[in-house]
Amino acid sequence: MPARRSRPRRASARAPTRASRAEAAWREFAASFTRIGMVPPAEPGLVAVEAAEAAPTARRPRRAAHRLTARSVLQALTFTGKCRLRCLYGAVRLLGFAVASHHSGLPVFSPATHCALSLEALPGARPPAAALRQLRAAARAAMRSHRVLRPARVKVMARFSPDCAVVLLEHLDTPVTRFLLSHPPLSRFFEPQKKEQSNFTPEDAVLASVGIVKCSPDRGLLLSETTCLALEELIQACCAEDEGVPVVLVCGPKNTGKSTFNRYLINLLLNRLPVVEYMECDIGQTEFTPPGCVSLSSVTEPVLGPPFTHQQMPSKMVYYGQTSCEHDTERYLDVVKYVFSYYKKEVPLVINTMGWVKGEGLLLLIDIIRLLSPSHIVQMDMCDWKAMPPLTPEHVHFSAGLHTKGKQQSKCKQLGVDSMDSWKYPEGEDVSAPQHKLLYVHPEFPRAGVAGEVRVHSGILRDMSILGYLGHLQSPDIGAVLPLHSLVPYQVPFNAVALRVIHTDVAPSNIMYAVNASWVGLCCIPEEVRCQTEGPVLLTQTPICDCLGFGIVRGVDMEKKLYHILTPVPPANLRVVNCLLLGNIAIPNCVLVDQQGIEGEIPYVTSDYNYSIMGSGKLRKKKQHLKRRFECDYT
């Protein structure tokens, strides 16, 4: 995609950093505990003290580092907030991932919109009494190497035991979180929603100054017995040295914990394997990409936060363009097949599926099982199979899917002659006779399976993923957040890229109105884009092609025949982009409404329009009748 960039604007260096303001706010919050006398004695198994303080520099604001110790495996710290975690002595477990002293600092995110994370100490082999002195010396040396102050070391060593764990927690500030918190509706995103306790300990004050708040263990992850048994069997299958590697497909209704199960399983596998493949088939709630995508990702780092905190470029991605596939299931299956064809079958694969499991959704799930041939199916459902029947090999073998038929019927998809060739399966493979191990998981956390009682609406979570992706436009250096309209976009000629609107038909005369101020997929089609005129180049069909990232069309210059596109995709990848796909994924409202420094009317935001025009109605608030634990004014 030929593109050129103008000279970027210089950000104001005099503006106080949001990180420094947040740091001061947390310190004030921690000091308030002591002022009002709410500091009873610390609980016996946990001590948190101020360990060190980095000196302020011109490029890094003042930052506090603190540490806490958990004495045994039975003790855990459940918290909300964000921090950077480093284990100095022993080992701790966080969402299934075992953090040891050889790991570098790991970013940890526990917002109120998701299940609170729990930090628990792992048991270690108790050494002989003669080695206790060496262990104490090793713990002291580790704390000295990280500049832990002597008073803090003394307090820690006073409670030291060979089976304890010593961790260092640091204040965490990233470009993504700075950009996210810069929007007023989300400014308190990582803060506790309500005070759960009337009494506070000195540990609470220290943890608060880091950026995390201790909460009730009931807010943490609750693993049922069936979940533990399924995880144990999957770990054994993935680590066994035999022929083939497991392909694990996770399915179930909405709000049963599929995404949390996947993160926990990936983290457990990363304790033993260097990489795990993850295929995203849920286009409504994606894990590593913005919504509307089917992708295949290689995961090498633990997943310690919700999707908006770990947006990354997958090894293969196709932009479907909608959050639901019910209007075009054939293209959805073609996209799934295309992405799955790039799986090399060298490492275990975890497949996430949609929560649409009723009616045609269940039939479509049977099609996906036949298409992907998983070795294990994890079916998450409420007791007595309320939402869906057990997906045993026999049930999949005899049941008809949405586009495939069971054993007693035709094996081919009834799509017509033109599309039959694309649905040929490997020779000798009996697609109607799947062989897989079914693992049933019965979630037992509160409100499991009740879609109307989610913590926060799915539309808000999708917007969060988009904001997390756009956060990569910010400078990695800690400083003032730059609004998107102050960034310089790429200039792309009309005739350099083809254009296609996925979800609806748009007249060519109105295509530029649809593209302007829209979220677009930056894709690469194999055919060369040729145009005898200055463009635009319009495609008549939606291609199934690689997506290299996303961007916002900030404006359209009709005189110079240029698109102005704002994107974090690196220029090396932009050179091969030759197609823009516009789907039914909207830019979050706060990006358009909260444009700072604008005098007069805000661009792309108006109240002067004709209600008689189709599609011009007001944006409805997203299901305010739902019972939510996380109250957010962001709609």
Side-chain angles (χ1 to χ4, degrees), residues 249 251 254 279-286 289-296 314 316-342 351-372 400-405 412-425 458-459 462 465-466 498-508 510-511 514-515 518-527 538-547 550 579-586 614-615:
L249 184 143
C251 61
K254 297 178 180 179
M279 183 172 176
E280 183 62 82
C281 297
D282 186 355
I283 55 180
Q285 294 296 329
T286 50
T289 68
C293 299
V294 177
S295 62
L296 180 67
K316 185 63 60 174
M317 177 171 60
V318 174
Y319 184 44
Y320 183 81
Q322 299 189 69
T323 59
S324 174
C325 67
E326 57 183 326
H327 298 300
D328 194 352
T329 56
E330 296 178 8
R331 183 167 67 90
Y332 172 77
L333 286 175
D334 288 335
V335 169
V336 170
K337 180 183 178 182
Y338 174 81
V339 174
F340 182 72
S341 65
Y342 286 86
I351 303 173
N352 186 38
T353 58
M354 296 180 292
W356 180 32
V357 294
K358 293 184 179 180
E360 291 186 349
L362 178 60
L363 303 181
L364 182 63
L365 178 60
I366 294 177
D367 290 337
I368 293 176
I369 294 174
R370 288 177 175 155
L371 180 63
L372 304 183
L402 189 60
H403 298 291
T404 60
K405 297 189 176 181
C412 297
K413 184 184 178 192
Q414 306 301 315
L415 290 178
V417 179
D418 295 338
S419 58
M420 190 68 71
D421 293 340
S422 65
W423 281 87
K424 290 182 179 179
Y425 291 87
S458 57
R462 286 191 287 268
S465 295
I466 295 178
L499 189 62
R500 173 67 179 172
V501 179
I502 297 174
H503 59 288
T504 187
D505 295 327
V506 180
N510 295 330
I511 194 72
V515 173
S518 295
W519 179 261
V520 293
L522 309 179
C523 305
C524 176
I525 55 178
E527 297 82 9
L538 304 181
L539 297 178
T540 57
Q541 294 182 343
T542 302
I544 298 179
C545 56
D546 295 346
C547 180
F550 299 90
C579 177
L580 303 180
L581 294 183
L582 171 62
N584 195 24
I585 308 296
M614 182 178 298

Could you pull out the closest heavy-atom pair between I366 and A400, with the gap in Å?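 Closest pair (atom of I366, atom of A400, distance): CD1-O, 4.2 Å.
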For residues [X] and [Y], determine if any side-chain heavy atom of one lies less than 4.5 Å from a side-chain heavy atom of the other.
X	Y	result
L581	V520	no
I585	Y320	no
M317	V339	no
C523	R500	no
Q285	S458	yes
L333	H403	yes
T286	S295	no

How long is the span from the [atom1] atom in [X] to the [atom2] atom in [Y], to the nearest 0.5 Å?
X	Y	atom1	atom2	value
I368	I351	CD1	CD1	9.0 Å
L365	K358	CG	NZ	14.5 Å
K405	R370	NZ	CZ	11.0 Å
E360	T329	CD	OG1	7.0 Å
T353	E280	OG1	CD	9.0 Å
L364	L402	CG	CG	6.0 Å

Has E326 got more than 12 heavy atoms of other residues, nucleotides or ligands less than 6.0 Å from its CD? yes
Main chain of [Y], side chain of [X]: is a donor-acceptor contact present, judged purely on distance under 3.5 Å?
X	Y	value
N352	D282	no
N584	Q322	no
R331	I544	no
Y332	C281	yes

Using the six-membered ring wherever Trp is involved, compare the ring planes of W519 and F550 and label them parallel, tilted or perpendicular (cut-offs 30° and 60°). parallel
